[in-house]
Each structure stands twice: as structure tokens, then as C-alpha cells.
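Below you'll find the structure, written out as C-alpha cells, and then a few comments.
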Protein chains: 2
Amino acid sequence: MSATTLAEVARKAGVSPATASRVLNGSARIPGPEIAANVRRAALELGYVPNAQAQGLAKSSSGVIGLIVHDIADPYFAAIAHGVQEAARERNKLVMLATTGGTPAEEATAVSAFAAHRADAIILAGSRTTAAADREANSTLANELDLYCRNDGQVAVIGRPVEGTGSPEHHHVIAVPNEDLACQLAGALAATHRGPFLIVAGPEGLATSDDRVRGFHHGLHAAGVPAAEVLHTGLDRAGGHATGAELAPRVAAAHREGAPVCLFAVSDVMAIGLVAGLREGGVQVPRDAAVAGFDDIETLRDFHPGLTTVRLPLLHIGRIAVESTVALPGGAAGAEPTVTGELMLRRSTTAAGQG
Amino acid sequence: MSATTLAEVARKAGVSPATASRVLNGSARIPGPEIAANVRRAALELGYVPNAQAQGLAKSSSGVIGLIVHDIADPYFAAIAHGVQEAARERNKLVMLATTGGTPAEEATAVSAFAAHRADAIILAGSRTTAAADREANSTLANELDLYCRNDGQVAVIGRPVEGTGSPEHHHVIAVPNEDLACQLAGALAATHRGPFLIVAGPEGLATSDDRVRGFHHGLHAAGVPAAEVLHTGLDRAGGHATGAELAPRVAAAHREGAPVCLFAVSDVMAIGLVAGLREGGVQVPRDAAVAGFDDIETLRDFHPGLTTVRLPLLHIGRIAVESTVALPGGAAGAEPTVTGELMLRRSTTAAGQG
DNA sequence: ACTGATTGGGAAAGCGCATTCCCGTTGTGT
DNA sequence: ACACAACGGGAATGCGCTTTCCCAATCAGT
């Protein structure tokens with residue numbers, strides 16, 4: 001059996017389709033109460049479900065927000081998605097999800113798909129990449145976004161703008177002060193930690209990772225601490241874990257020699273993997289080495305020892321991404337789009353007899 | 001500037017809209033190569049983006065899969081969403097996400113919204129509830145689902161079927177052997193643990209929680225162990241944490257008296273909160289008490305001490321939910337829809353001098 | 001070379017709904 | 001009592017696309 005249409009409802013209620021349309025959705029003109037009741041009853045009896053596609057086609061607005069993330073299973077993105085979802089619901093919008101694995105090429109196809117669905121807005125979460133290999137894909141992405149904007153689409157990018165896009169009035173950048181916060185973190189750690197610093201970073205060219213590395217370097221430099229060595233690996237638990245296992249002997253040696261290492265992983269999930277890898281290599285945190293992360297992922301806050309990190313208001317970031325891009329039903333625009341973080345100094349960087 | 005339409009592309013290419021349509025999407029009839037090239041070039045030059053809504057309206061298929069979860073920030077649902085997303089992409093479908101906080105009423109509105117968008121399938125993840133207070137909302141949900149099915153929608157439910165729905169040929173239940181696995185877990189724990197058992201459950205009436213509690217009871221009973229006390233709390237980290245804090249003195253006392261408690265939290269996130277709460281109350285796991293969880297959430301596998309739990313193939317569950325519900329482009333149906341779990345016995349239930 | 005089958009393209013009819021116009025009816029002002 | 005405004009409802013058009021149906025042109029077959 002096929003879906004019942006507005007026309008059928010109208011016929012059953014003995015009115016015109018126009019009238020039925022007016023009563024069944026908040027139109028400016030509200031038909032008389034008796035007629036309205038009739039229509040509503042007919043709709044109910046027939047099990048009428050409005051066809052959002054037809055509505056969207058007629059109104060040229062789909063009521064959909066597109067969200068693009070690297071990996072929804074990553075708690076970082078899950079938290080952002082949560083915020084997006086909340087704000088979307090307040091606006092009576094649905095959210096469409098695309099996961100891309102972080103490649104600009106996949107992001108471009110996701111944008112294209114969302115554009116095809118005439119999404120009211122597209123939110124692009126996840127680090128931009130500046131790697132040379134992605135240059136072409138990045139420009140494809142920029143083109144796709146421009147195309148979308150030409151059709152009156154709004155896009156919000158979390159972190160950093162996409163290189164090479166035009167129409168800035170359609171682009172909203174939710175800037176995340178990664179560099180500044182990493183700098184602060186480095187300063188705080190340098191104040192208490194005696195010994196060399198090591199940075200466990202994501203792949204080279206990942207903007208978020210690069211920003212945090214750069215900030216950490218600055219912070220160290222400002223504190224008069226020798227520059228940290230940087231190790232590049234995967235921006236996930238596995239990358240951290242592998243690096244931890246690899247580094248364990250060296251870290252253990254450093255500790256024996258009285259110059260324990262402080263490791264900064266550019267994300268919490270990496271830090272967690274790192275700690276696990278070190279532990280499997282016989283290194284205890286914070287006894288033998290200090291470890292810090294970034295993001296303050298909620299699920300990881302109960303980790304033991306408590307992980308020193310930087311809290312990012314992920315949920316809020318998701319919210320303001322949609323706030324900056326689609327107005328509330330009431331009409332008011334959203335809150336101010338500033339994102340700030342907060343240092344969370346916990347046990348993982350507090351060795352006994354230190355601090 | 002408004003979007004360019006197929007008609008404009010057709011005019012520019014000097015062909016009819018019909019022909020343009022045929023070349024720009026895989027139609028059965030493929031126009032001549034020269035004409036096709038013309039059309040493609042025109043589309044490119046004009047920056048044509050097909051209107052998926054119009055396509056959906058004309059074809060009556062939207063290419064969208066609706067996913068309903070309690071909370072996307074919960075790693076349990078995030079993992080399922082990941083699997084859904086993967087399988088959806090293989091089928092060239094987009095996924096629409098709705099988070100409901102677990103209330104059947106919200107689930108019903110989500111189903112309604114997805115039905116309005118003519119989603120090709122709806123996947124309902126997250127525990128059903130049998131609480132009396134939800135009776136009415138549950139039947140609303142069932143109605144909404146039936147309405148959706150009447151319009152040829154396919155629905156997959158993860159865990160347990162929704163009570164009161166008809167048209168079983170449209171409903172696919174991805175059964176999760178919660179009860180059986182909890183039973184096995186209880187048996188394994190009873191074999192090594194000496195001391196009373198305590199179950200930290202979710203709200204009463206939550207099917208998943210209830211199933212796991214029941215299974216655990218059975219397992220204990222089969223092992224000849226006295227029945228466990230059940231404590232109901234929130235099915236999240238906060239619930240586990242509060243219960244842990246509350247229980248700490250009692251657990252500590254039990255340990256002092258030589259009869260350490262084994263706590264079974266019905267989900268990993270609860271277990272993590274529980275451990276944290278206990279620790280804040282001075283109870284060390286596994287030294288003073290044993291703790292087990294359920295799900296084997298990936299992000300939590302690096303937890304220390306390793307959490308004894310039951311591994312559920314969450315990603316796979318997400319995959320088969322879509323496989324059972326929308327065919328592959330190739331045409332073949334999906335894999336067999338059986339879900340199995342695996343006991344993961346780790347340190348959290350292995351006190352020194354035991355096991 | 002003539003008929004019948006096949007191919008390649010166009011015309012047009014929807015898909016389900018919103019909305020602009022239009023018209024008949026009732027209410028207000030002097 | 002009459003003109004005019006305001007209101008409440010219907011007819012019709014269009015949103016952008018797919019797809020059937022139809023027609024002209026080409027092809028093979030005896």
C-alpha cells in the first residue's frame with residue numbers, strides 16, 4: 001500500500017488540497033476551526049504522513065543539517081555530534097551524518113551529497129589537512145563547498161577554514177584555540193616537570209595536530225625549556241599505543257637516569273593508547289614518566305591515573321556550529337561563537353616527589 | 001543565485017530534459033556518447049547539482065537510512081552508528097541521525113520525521129522499555145512504526161522487538177543475547193570469586209538492563225551461589241559513579257571482613273563510573289572488590305585495571321542492521337543476522353591471591 | 001528494394017505539496 | 001442602503017526530476 005497523500009485527505013475531509021495543506025502545517029492563513037478539525041480527523045484516520053521531500057521541493061528548504069566527521073566512533077566527534085544534534089532539534093531540523101575517515105576527497109563527496117539533498121547547512125568537523133598529497137582533493141572540496149554556497153547553503157567549519165573557498169558570507173569558522181591552549185599546557189608542564197619533553201603527534205599536515213604541536217613548542221620555548229622532539233603517528237588510539245610500546249625502553253632508561261620524560265600526545269585517545277603501550281613496556285605513569293593529552297574526552301575522565309589534558313567544550317562547539325548557521329524558529333541568532341579551553345592538570349603529570 | 005536545474009543543463013546542451021536526466025544518472029537507456037559528453041560538459045560548466053528531493057519525489061525512494069539512538073555521545077551507540085554508517089555508504093545511502101534520550105515518545109517523533117522524509121529504512125537502536133509509565137508512548141511508537149511500514153518502510157530493531165507492532169515482514173530484529181551472555185559471565189565469575197555478588201542495574205523496565213540482570217541471576221543460581229542484590233540507577237557513567245560512592249563504605253567493610261564483593265554493572269560506562277566512585281570512597285579495584293561490566297567499549301579497553309566484561313560486536317551489529325534492511329546495489333542480501341558475544345575476563349575481577 | 005524490428009531522442013504526464021492569485025461572502029463605515 | 005475592506009476558501013501553477021509513451025530514423029532480413 002502506498003502512502004496517503006494530502007489530496008486524499010482533502011477529498012475525505014471535503015475540502016480543497018490548499019485548505020488541507022493550510023491546516024496540516026503552520027501556514028500563515030488558518031482555516032476555520034470546524035474545517036480544521038475535519039481535516040485533522042481525516043488525516044488521522046487515513047494515517048497521513050506528509051511527504052517531506054515534496055514539502056522541501058515546494059518550499060525549497062529541506063529541514064536537514066549535514067554533519068561531516070572523520071569518525072563517529074571517535075568520542076571527540078561523538079561529543080560534537082551530540083551538540084549538533086541538540087541544537088538541531090531545537091530548530092526542528094534533522095541531521096544527516098557522513099563519516100569520511102578524514103580524507104578531503106570523501107569530505108567532498110559528502111558535501112556534494114548534502115548539497116544534492118539541499119541541506120540547510122553543512123557542518124564540517126575534523127581537522128583540515130595541509131599535506132601535499134591532499135592538495136588536489138582539498139581544492140575539489142573547496143569547489144564543492146562553493147557550489148553549495150552558490151545555492152544559498154550555509155557552512156560551518158570547526159577548527160580552521162577550508163583553504164580556497166570563496167563567499168565568506170556563507171562560511172562560518174568555529175575557531176578552536178588549539179595553538180594557544182597547547183602553549184599554556186606546555187607552560188604549566190614546564191613549570192613542574194624536570195626532564196626532556198616529547199611530543200606524540202598525528203600525521204604531518206593535519207592542521208589540528210600541527211597547531212597543537214606548534215603551540216606546545218612555543219610554550220616550551222617561552223619557559224626556556226629545550227625544544228621537544230616530535231614523533232608522528234596515527235591520530236588515534238592505535239597510533240598512541242604503537243608509539244608507547246616503541247618508546248617504552250627509552251622512557252624507562254630516561255627515568256633510571258633521573259631525567260624522566262614528559263610526553264604530550266596531541267589528543268586524549270592517543271594519550272590513552274600511549275599510556276597503555278608504555279605500561280605494556282613496563283613504564284608506569286606517572287611514576288616513571290609524565291603524559292598529557294588534549295580534548296578532555298568525557299569517557300576518559302575516569303581514567304586512572306587522571307590524565308592531564310585540555311578541556312575543550314566539544315558539545316558547545318557542536319551547538320554553536322549550528323547556531324552560527326541556522327536561526328532559531330524564534331528568529332534570534334545564536335550565542336557568541338567564541339571557544340575557549342581549560343587546562344586540566346591531573347595525576348598523569350604529577351610524579352611522586354614533584355610538583 | 002538559485003541552483004541550476006536539469007532543464008537548464010539540457011537547454012545548454014541542446015537536448016531535452018529527458019535525455020539530460022538519462023545521462024546524468026545511471027538510467028537503463030544510455031544516450032549516444034557524443035550527446036552524453038555534451039550534457040556532462042554543460043552540467044559541469046553550470047555547476048549542476050541534482051536535487052535529491054526532486055529525484056526522491058519522482059522515484060519515491062530517498063536514499064536515506066534513519067538511525068535512532070538514545071545518545072550519540074555514548075560510545076555504545078557511537079560504535080553502532082559507525083557500523084551503520086559503513087554499511088550505508090556501501091549502499092550509497094545517507095544516514096539521518098536522531099537522538100532521543102531513550103524515551104519512547106521521542107523515538108516516536110523521530111520515526112515520524114524519518115517517515116516524512118521517506119527514509120528507505122529506519123534502524124532503532126537502544127533498549128526498549130517496559131516501564132508502565134512508558135506504556136502509552138510505546139504504543140504511539142508502535143503505531144508510528146506501523147504507519148511507516150504501511151508505506152513500504154523497512155525497520156530494524158536492535159535488541160528486542162517493539163511491542164505491539166504489526167507487519168512482521170517489514171520488521172527485522174537484531175537479537176542480542178544479553179541474557180545468555182550475562183549468564184555465562186556470572187558463571188565465570190562465580191567460579192573464582194568468593195563473596196557476595198551485587199548487581200548495579202539501569203532503571204527498572206529497561207529491557208537491556210533487565211535482560212542482563214536476569215541472565216546474571218540465572219548464572220549465579222546455576223553455580224549454586226546465593227542470589228545477588230540488585231541496585232537500580234541511571235544507565236550511564238553518572239549512575240555508576242553515584243552508586244560507587246554510595247556503596248564504598250559497605251564494600252570496604254565487606255572486604256575487611258574477608259568476603260569481598262563482586263559488582264556487576266550492566267554496562268561498561270556504568271562500570272567505569274562505578275570504579276571511579278569506589279576509588280573516591282577508598283576502595284581499590286580489584287584489590288578490595290571485583291567489578292565487571294558489559295559491552296567491551298573500545299575506548300575503555302585501555303582502562304586500568306582491565307575491566308572484565310562481555311564483548312559485543314557493536315560495529316557488526318550496526319552493519320547487519322542495515323544489511324537486513326536494505327539490499328546491496330549488487331542485489332545480494334546481507335550476512336546472517338546472528339549476534340554473538342565473548343567473555344573478556346580481565347584484571348578487574350582478579351584479586352591478588354585469587355583466581 | 002521493401003517490410004518489420006530496433007534504436008535514440010523528445011513530449012508530456014505525473015511525483016506530493018506550497019502558494020499565488022482569484023472570487024464569493026460577510027462585516028464595517030458614513 | 002451602498003461602497004469598500006477584510007476574510008475564508010478553491011483553482012491552478014510550479015518546485016525539479018523520472019519515466020512512460022510516442023515518433024523518426026536506422027538497421028537487418030528474405
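Predicted, not measured: the structure shown is a model, and the values here were computed from it. Residue numbers begin at 1 in each chain, while the letters A, B, ... track the order of the sequences.
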- Please assess A:His117 against B:Val64 for the test side-chain contact (heavy atoms from CB on, under 4.5 Å), listing each intermediate value before the final yes or no. CA-CA 10 Å; A:His117 278 270; B:Val64 166; 3.8 Å; yes

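Here the C1' atom of nucleotide D:dG10 and the CG atom of A:Asn38 are 16 Å apart, to the nearest Å. One atom, OH of A:Tyr48, and another, C1' of C:dC17, lie 7 Å apart when rounded to the nearest Å. We find that CG of B:Leu6 is positioned 15 Å from C1' of C:dA11, with the value rounded to whole Å. Summarising the geometry, the separation between NZ on B:Lys59 and P on C:dG16 is reported as 16 Å, rounded to the nearest angstrom. Atom CD in A:Gln53 sits roughly 23 Å away from atom P in D:dG14 (whole-Å rounding). Regarding B:Leu24, its CG atom lies at a distance of 13 Å from the C1' atom of D:dG16, rounded to whole Å. Taking atom CG on A:Asn51 and atom P on C:dG16, their separation rounds to 7 Å, with Å as the unit. B:Glu8 places its CD atom 15 Å from the P atom of D:dG14, with the value rounded to the nearest Å.
As judged by a 4.0 angstrom heavy-atom cut-off over every strand, A:Ser60 is placed among residues making no nucleic acid contact. Looking at heavy-atom distances under 4.0 Å, B:Pro50 makes contact with sugar-phosphate atoms alone, never a base. Using a 4.0 Å heavy-atom criterion, one finds that B:Leu57 contacts the bases of the nucleic acid, with or without backbone contacts as well.
With hydrogens and angles left out, the side chain of B:Arg118 and the base of C:dG16 share no donor-acceptor pair within 3.5 Å. Residue A:Arg22 places a side-chain atom within donor-acceptor reach of the base of D:dG10, judged by atom type and a 3.5 Å distance cut-off alone.
The shortest distance between the side-chain N/O atoms of A:Asn25 and the OP1/OP2 oxygens of C:dA18 is below 4.0 Å. Side-chain N/O atoms of B:Gln55 include none lying less than 4.0 angstrom from OP1 or OP2 on D:dC17. For the OP1/OP2 pair of C:dG9 and a distance below 4.0 Å, the side-chain nitrogens and oxygens of B:Ser16 include no atom meeting the criterion. For C:dG16, neither phosphate oxygen OP1 nor OP2 lies less than 4.0 angstrom from any side-chain nitrogen or oxygen of A:Thr5. At D:dT18, one or more side-chain N or O atoms of B:Ser21 fall inside 4.0 Å of OP1 or OP2 (strictly under the cut-off).
With a 4.5 Å cut-off on side-chain heavy atoms, A:Ile317 and A:Ile174 count as touching.
Side-chain N or O atoms of A:Asp74 include none that pairs as donor or acceptor with a backbone N or O of A:His70 at under 3.5 Å. With hydrogens and angles ignored, the 3.5 Å screen pairs a side-chain donor or acceptor of A:Tyr148 with a backbone N or O of A:Ala121. A:Asn25 places a side-chain N or O within 3.5 Å of a backbone atom of A:Ser21 that can act as its donor or acceptor partner.
When each of B:Ala54 and B:Ala20 is assigned the nucleotide of DNA chain C with its nearest heavy atom, B:Ala20 is the one assigned upstream, toward the 5' end. Between A:Thr19 and B:Val15, the one whose closest nucleotide on DNA chain C sits nearer the 5' end is B:Val15.
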